[in-house]
There are 2 protein chains.
Amino acid sequence: MTTANINNWKAVEAEVLSRIHSRQWEPGQLIPNESDLALEFGCARATVNRALRSVAESGLLDRKRKAGTRVATNPVRKATLSIPVIREEIESRNQTYSYAVFSSKIEEPPLHIRANMRLNSSERLLHHQSVHIADGKPYVISDRWINLEAVPDIAHVDFSRVSANEWLVANAPFTNGDIAFSATIANDSIAERLGIKGGEALFAIDRTTWNNDTAITAVSLVFHPGYQMRTVV
Amino acid sequence: MTTANINNWKAVEAEVLSRIHSRQWEPGQLIPNESDLALEFGCARATVNRALRSVAESGLLDRKRKAGTRVATNPVRKATLSIPVIREEIESRNQTYSYAVFSSKIEEPPLHIRANMRLNSSERLLHHQSVHIADGKPYVISDRWINLEAVPDIAHVDFSRVSANEWLVANAPFTNGDIAFSATIANDSIAERLGIKGGEALFAIDRTTWNNDTAITAVSLVFHPGYQMRTVV
DNA sequence: AGTCTTAATATGTACAGACATATACATATT
DNA sequence: AATATGTATATGTCTGTACATATTAAGACT
């Protein structure tokens, strides 16, 4: 059976998704191989391959060489969330952005930071604390440690003009990073810097970025009460 | 100048990433076009295309027809986080998984749920409250509303045998969904169901899934204290 | 100067054919 | 019975060519 021309990979993808959603192909079921589908759709195998790879990336198909392609039984949906550049996030809401530094000095880091950044004891770290402000109200506070060995240039940056984050993304490209999302309670120092009462539940992001095996920076972001991070699957 | 053989797309990708990280190609800079790179690397243009598309997907390159490919100035890093199937998350830590239902009955939903699911007033909703347990300790509580019009079969499911979530992922495939991550404070009812004291900050996920324009289910997950959701970029 | 048309160009995609590679399954060996 | 080896197969990828499409830039025409 040769279906009407499905001769581009987006069309193949749509057809495949439709068959999965309509349960014509049920969860766990082995679907026809690429060559057969190419024949059925009247297109090249490469086109089917492109489409199936795309669907597999989204988690709806499991593919294995020789074993074939089957519909995922419990599709692990992958949400891609773009890590916000705070200023852009605020400006995209048509709010005015500003930024203030609480302190910025070279300090001995606490143990958990040193462990997290996998440092030996020799590195000098810049401890940088600041707040991003939307329409005059504290939006998120940032508590950052920067490895001066990894980015010596940062010692001469004027942080009244550009935020540490933006300087770093522009000047210290990283190869990889890890992120943890969590909830934290507003203690006195957090509450004061966010201009709120203590005891509230706050959304927090902890991120460490690396240049290969060298830690560049570890930052802890604590958002204002009620903040939600949203995305789609 | 023809570099030594870089004749597969992973190698091209690695070379491109290396040039970006080493700042041989600086942020904002226009990189050579696909044909030139293919010539330089000694491979086909399609191979370069595959690699550049991959790098662009990760956010490090901006590509535009005719305009060419340039290094992203502020790379919006995309973190892909796989939405956890709770049972698997627990079992992957070698903890024993169990599951208990607090209540499961057809109810009139509160307004914000109805709005969120974009329902008119006629639909009947199943309100399902449960807890997922790891090694005997409450791991996450789930407060779920299910649109019976969208999945009538669920009325006959025995939730003592399979969790609502797992039944739904297996039997009610969705086309899209939206997710919000936030922090919430443990009120009395949450604290009781999680077996903790009130007042703690808890990580929460709110997810609504759709079959095209029909809402299938809206679920609110509230995790045990200290829970972190982790990923990499 | 301003607007429309046209050509040039870089990426996007399709195709057929080929080879590479992982691996399930069958068969042979210990 | 357990282990090693071989083979068939489905996906993974590369190549070279071709055409599609978006978009910039130049040129023609008000």
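Here is how names work: the chains are called A, B, and so on, in the same order as the sequence lines, proteins then strands, and each is numbered from 1. Below, all heavy atoms of this structure are taken into account, side chains as well, without hydrogens, waters or symmetry copies. Given the structure is predicted, the values throughout are model-derived calculations rather than measurements.
Taking atom CZ of residue R45(B) and atom P of nucleotide dA18(D), one finds them 13 Å apart after rounding to whole Å. Straight-line distance from the CZ atom of R53(A) to the P atom of dT13(D): 7 Å, rounded to whole Å. Whole-Å rounding puts the I31(B) CD1 to dA10(C) C1' distance at 11 Å. Spacing between atom CZ of R65(A) and atom P of dC19(C) amounts to 17 Å, rounded to whole angstrom units. Computed from coordinates, the L37(A) CG to dT11(D) P distance equals 8 Å when rounded to whole Å. When rounded to the nearest whole Å, the span between CD of E34(B) and P of dT13(C) equals 11 Å. The CH2-C1' distance, from W9(A) to dA20(D), rounds to 16 Å in whole Å. At whole-Å resolution of the value, CD in E57(A) and P in dG12(D) are 11 Å apart.
Closest heavy-atom contact between G59(B) and A72(B): O-CB, 3.5 Å. When all heavy atoms are compared, the tightest approach of L126(B) to S104(B) is CD1-OG, 3.8 Å.
Look at T47(B) and you'll find a side-chain N or O under 4.0 angstrom from OP1 or OP2 of dT15(D). Residue T69(B) places no side-chain N or O under 4.0 Å from the OP1 or OP2 atom of dA10(C). Between dA24(C) and K64(A), a contact under 4.0 Å exists linking OP1 or OP2 to a side-chain N or O.
Which of dT9(C), dT23(C), dG12(D) sits closest to the side chain of R63(A) comes down to dG12(D). Nearest nucleotide to the side chain of N49(B), out of dT23(D), dG12(C), dT15(D): dG12(C). Candidate nucleotides dT13(C), dA10(C), dA14(C) were compared by shortest atom distance to the side chain of N8(A), and dA14(C) ranks first.
A salt bridge between K10(A) and E13(A) is present, with a side-chain N of the basic residue lying under 4.0 Å from a carboxylate O of the acidic one. Under a 4.0 Å N-O distance rule, the pair E40(B)/R19(B) qualifies as a salt bridge.
Here the CZ atom belonging to R144(B) is positioned 4.0 Å from the OG1 atom belonging to T217(B), to the nearest 0.5 angstrom. Atom CD1 of I216(A) sits about 8.5 Å away from atom CG of N147(A), to the nearest 0.5 Å.
S35(A) comes within contact range of no nucleotide atom at all, as no heavy-atom separation falls under 4.0 Å. Nucleic acid contact class of R50(B) (heavy atoms, under 4.0 Å, all strands): sugar-phosphate only.
In this structure, F223(A) and Y139(A) have perpendicular ring planes: the angle between them is above 60°, well past the 30° mark.
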Original post:
Where does DNA chain C pair, written as one dot-bracket string 5' to 3', with Watson-Crick or G-U pairs under 3.5 Å, ( ) inside the strand, [ ] for crossing pairs and | for another strand?
Top reply: ||||||||||||||||||||||||||||||
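Residue order along DNA chain D, read from the 5' end via each residue's closest nucleotide, puts G68(A) first among A67(B) and G68(A).
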